[in-house]
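Since this is a predicted model, take the numbers as computed values, not measurements. For ligands, and for the atoms within them, numbers begin at 1 and follow the listed sequence.
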Amino acid sequence: MSRQGLHNKVVLGLQWGDEGKGKVIDQLAETTDVVVRCQGGANAGHTVVVGGHKTVLHLLPSGVLHPRATCIIGNGVVVEPAALIQEMDELKANGCDLSTRLKVSDRAHLVLPCHKALDAAAEKAKGAAKVGTTLRGIGPCYMDKMARTNLRAGDLLDPHFAERLRAHLTQQNHLILALGGDAVDIEGALAGLLPLCARIRPLVADTASLLHAAAAADKAMLFEGAQGVMLDVDYGTYPYVTSSNTGVGGVITGSGLSHKQLGEIIGVVKAYTTRVGGGPFPVELPDGTDAAGKLAKGEEIRQRGGEFGATTGRPRRCGWLDLVAVKFACRLNGVDSIALTKLDILDPEPELPVCIAYELDGVQIDTVPARLTDLARVKPIYEVLPGWKSSTSGVQNWSDLPLAAQAYVAFIERTTGVPVKWIGTGPGREATVVRKAAARA
Ligand code: GDP
Ligand code: IMO
Ligand code: MG
């Protein structure tokens with residue numbers, strides 16, 4: 001069978017999350033019939049800025065602001081009922097009613113109060129070695145899924161759902177107490193949850209079949225990745241990762257469509273690197289200020305780039321562009337094109353070190369080592385490119401970018417072997433350079 005779905009698109013983060021996927025998805029969704037979230041949950045925070053108004057999506061696909069798009073929360077997503085309802089209500093208050101164009105997979109797992117309590121307890125028990133999770137209950141929910149004990153969205157249709165929920169919370173309380181956490185008040189949790197579950201029930205559907213029908217009708221589909229490849233549970237900086245597969249594998253298992261339907265794989269890359277939470281970060285730059293009150297480089301980029309978590313508000317750690325990680329992510333996922341974001345944030349820099357290899361015990365490597373102890377020791381090897389020291393803010397045409405900015409983009413293309421098709425020059429929808437094939441290196 002030939003590859004179908006050629007007009008479909010997958011958008012993946014190629015770094016440690018927060019690359020600017022929300023903006024890219026919002027733009028692509030304009031010409032899309034169906035937008036699908038496939039993994040992760042309310043740990044994601046995807047920002048869309050339209051006409052100066054900012055919306056942050058956590059569980060809902062970032063295509064929601066386009067009225068023609070059907071929005072699907074696929075089976076690989078973990079769904080916290082309160083988070084979903086809150087997000088839907090907030091959007092409705094802003095004139096965006098999703099009740100008829102949102103579907104939640106009957107196979108999607110529910111994030112329950114026990115999972116959030118377990119997340120908090122596990123983090124506390126780890127002390128200094130904590131992962132720095134978003135505390136949204138994501139890891140414990142996926143654990144429960146893999147243990148084959150959890151409740152799914154389809155269970156909301158079961159007349160005995162309340163009893164099953166009560167039994168499950170009772171069981172999970174043993175685990176919470178064993179970890180030294182605070183047991184869930186079961187009747188209080190039920191009283192809060194059941195009305196929310198009743199509102200989610202009409203949205204529950206066999207989304208895999210809906211997607212198969214959309215594919216048969218040749219609808220244009222957009223698959224929205226959450227987090228980033230370096231947070232992937234298999235290929236990320238384990239154990240400082242999230243608990244899902246954040247690459248193409250997660251799109252397939254989390255949607256119910258086959259690889260033949262994926263179409264173009266678009267990797268989103270921030271023009272520098274950020275990560276939030278614990279774990280190794282080879283290109284990390286210093287934070288804070290020096291004795292004279294001068295901002296350290298990492299702090300300067302954080303403030304200029306507004307690098308504070310869209311979900312937790314935590315300051316993000318900042319560093320130069322790490323092309324070892326980006327190349328690794330491209331290889332793992334067969335990335336066809338790159339959407340480069342936040343180029344404008346680098347405008348004032350006189351020079352731009354780009355990490356092209358790591359040194360590990362005197363040996364140069366160009367891949368990401370699996371072992372944490374190795375990753376914590378690698379030293380980045382930089383090639384220093386000239387900065388452009390002029391504003392790219394809001395630029396829409398390739399020819400209007402300074403030559404040094406064009407050279408920075410071309411360097412990324414040469415090093416990764418992947419064309420850069422979109423360049424972000426500001427948070428708004430319109431602040432984007434869309435490159436025609438001829439303009440590419
Ligand atoms: P996501 O999780 O990958 O969707 O990214 P986040 O929304 O967490 O963080 C990206 C931030 O960068 C958001 O505040 C966006 O509004 C902003 N942003 C995205 N693209 C650009 C860009 O090209 N330039 C600037 N200045 N900001 C951008
Ligand atoms: P988006 O989709 C950045 C990080 C957390 C933590 C680790 C595990 O907005 O790019 P979890 O709560 O998932 O168990 O936390 O993963 N993390 C993210 N970092 N962007 C995200 O999502 C993230 N989702 C999780 O900070 O280090
Ligand atoms: Mg984010």
Check ligand 1 against Gly45 and write out every atom of the ligand that is under 4.0 Å from a heavy-atom position of the residue.
-> 1 (P), 2 (O), 4 (O), 6 (P), 7 (O), 8 (O)
Contact check: Val49 vs ligand 1, nitrogen or oxygen atoms, below 3.5 angstrom = no
Output yes when the distance from some N or O of ligand 2 to some N or O of Gly139 is under 3.5 Å, and no in every other case.
-> no
Side chain, backbone, both or neither: the part of Lys23 lying under 4.0 Å from ligand 1 by heavy atom = side chain
Side-chain heavy-atom pair Pro369, Val378 within 4.5 angstrom cut-off = yes
Donor-acceptor side-chain pairing of Arg37 and Ser255 below 3.5 angstrom | no
Quick check: are there more than 12 heavy atoms from other residues, nucleotides or ligands sitting under 6.0 Å from OH of Tyr238?
-> no
Flag Asp119 as yes when one of its N or O atoms lies below 3.5 Å from any N or O atom of ligand 2, and as no otherwise.
-> no
How about Gln15 and Asp322: does a side-chain donor come under 3.5 Å of a side-chain acceptor?
-> no
Between Thr432 and Lys23, is any side-chain donor less than 3.5 angstrom from a side-chain acceptor?
-> yes
What is the nearest protein non-hydrogen atom to atom 12 (O) of ligand 1, stated with its residue, atom name and distance?
-> Lys342 NZ, 3.0 Å
Do me a favour and list the nearest non-hydrogen protein atom to atom 12 (O) of ligand 2 with residue, atom name and distance?
-> Thr134 OG1, 2.6 Å
Whether Arg136 side chain and Val111 backbone form a donor-acceptor pair below 3.5 Å | no
Quick one: does Gly228 get within less than 4.0 Å of ligand 2, heavy atoms only?
-> no
Charged N-O contact under 4.0 Å between Asp26 and Arg429 | yes
For ligand 2, which atoms, with element, lie under 4.0 Å from some heavy atom of Val276?
-> 3 (C), 5 (C), 19 (N), 26 (O), 27 (O)
Donor-acceptor side-chain pairing of Asp144 and His109 below 3.5 angstrom | no
Tell me, please: is Val241 in heavy-atom contact with ligand 2, that is, under 4.0 Å?
-> yes
Output the list of atoms in ligand 2 that are nearer than 4.0 Å to some heavy atom of Ala226, sorted by atom number.
-> 2 (O)
Considering only the protein, which heavy-atom contact is closest to atom 13 (O) of ligand 2, and what is its distance?
-> Thr242 OG1, 2.6 Å
Is any N or O atom of Gln227, backbone or side chain, closer than 3.5 Å to an N or O atom of ligand 2?
-> yes
Arg316 near ligand 2, heavy-atom distance under 4.0 Å?
-> no
Under 4.0 Å between a Lys/Arg side-chain N and an Asp/Glu carboxylate O for Lys327 and Asp366?
-> yes
For Gly132, counting its heavy atoms only, list the atoms of ligand 2 lying under 4.0 Å from any of them.
-> 5 (C), 6 (C), 26 (O), 27 (O)
Please determine, by modelled atom types, if Asn397 and Ser399 share a side-chain donor-acceptor pair under 3.5 angstrom.
-> no
For Arg136, is at least one N or O under 3.5 Å away from an N or O on ligand 2?
-> no
Is there a nitrogen or oxygen of Gly278 sitting under 3.5 Å from a nitrogen or oxygen of ligand 2?
-> no
Lys/Arg N to Asp/Glu carboxylate O, Arg317 vs Glu284, below 4.0 Å | yes
Any salt bridge between Glu349 and Arg304, counting N to O under 4.0 Å?
-> yes
Considering the heavy atoms of Trp16, write down every atom of ligand 2 situated less than 4.0 Å from one of them.
-> 3 (C), 19 (N)
For ligand 2, which atoms sit closer than 4.0 Å to a heavy atom of Val131?
-> 8 (C), 27 (O)
Contact with ligand 1 for Arg316, non-hydrogen, under 4.0 angstrom | yes
Please write down residue, atom name and distance for the protein heavy atom closest to atom 7 (O) of ligand 1.
-> Thr47 OG1, 2.5 Å
Ala44 neighbourhood, listing ligand 2 atoms whose heavy-atom distance to it stays under 4.0 Å | 1 (P), 2 (O), 9 (O), 22 (O)
Specify side chain, backbone, both or neither for Asp344, according to which of its non-hydrogen atoms lie closer than 4.0 Å to ligand 1.
-> side chain
Will you find, in the side chains of Gln39 and Thr246, an N or O donor that is under 3.5 Å from an N or O acceptor?
-> no
Sub-3.5 Å N/O-N/O distance, Gly424 and ligand 1 = yes
Please say which of Val11, Leu12, Ile25 ends up in a side chain to side chain contact (heavy atoms under 4.5 Å, CB included) with Glu224.
-> Ile25
For Gly277, take its heavy atoms, then give the atoms of ligand 2 lying under 4.0 Å from any of them.
-> 27 (O)
Is Glu413 salt-bridged to Lys421, going by a charged N under 4.0 Å from an acidic O?
-> no
The Mg ion (ligand 3): which protein N, O or S atoms are under 2.8 Å away?
-> Asp18 OD1, Gly45 O
Spell out, as yes or no, whether a donor-acceptor pair under 3.5 Å connects the side chain of Asn75 to the backbone of Ser105.
-> no
So is there a nitrogen or oxygen of Thr133 less than 3.5 Å from a nitrogen or oxygen in ligand 2?
-> no
Side-chain donor/acceptor of Tyr408 to backbone N/O of Ala271, under 3.5 Å | yes
Just heavy atoms, cut-off under 4.0 Å: does Thr425 contact ligand 1 by side chain, backbone, both, or neither?
-> backbone
Side-chain donor-acceptor pair present, Thr392, Asp347, cut-off under 3.5 Å = yes
Does Arg275 reach ligand 2 with a nitrogen or oxygen that is under 3.5 Å from one of the ligand's nitrogen or oxygen atoms?
-> no
Please state which protein non-hydrogen atom is closest to atom 9 (O) of ligand 2 and give its distance, to 0.1 Å?
-> Gly45 N, 2.9 Å
Taking N or O atoms only and a 3.5 Å limit, does Glu19 qualify as a polar contact for ligand 2?
-> no
Per salt bridge (charged side-chain N to carboxylate O under 4.0 Å, His left out), Asp33 is matched among Lys9, Lys219, Arg68 by Arg68
Answer with yes or no whether the side chains of Glu307 and Tyr272 bring together a donor and an acceptor at under 3.5 Å.
-> yes
Looking only at heavy atoms, is any part of Arg304 under 4.0 Å from ligand 1, and if so is it the side chain, the backbone, or both, or is it neither?
-> neither
Is Lys130 salt-bridged to Asp119, cutoff N-O under 4.0 Å?
-> no
Write out all pairs satisfying ring-ring contact (aromatic ring centres under 6.0 Å, His included) with one or both partners inside residues 12-48, taking only residues at least two apart or from two chains.
-> Trp16-Phe281
Checking Asp336 side chain against Ile265 main chain: does a donor-acceptor pair fall under 3.5 Å?
-> yes
Selected option - heavy-atom contact closest to atom 21 (C) of ligand 1, from Gly13, Gly20, Gly426, Ala431 = Gly426
Taking atom 4 (O) of ligand 1 as the reference point, the nearest protein heavy atom with its distance | Gly22 N, 2.8 Å
Best match, Leu135, Asp18, Leu231, Val56: closest heavy atom to atom 4 (C) of ligand 2 = Leu231
For His46, atoms of ligand 2 separated by under 4.0 Å from a heavy atom | 1 (P), 2 (O), 9 (O)
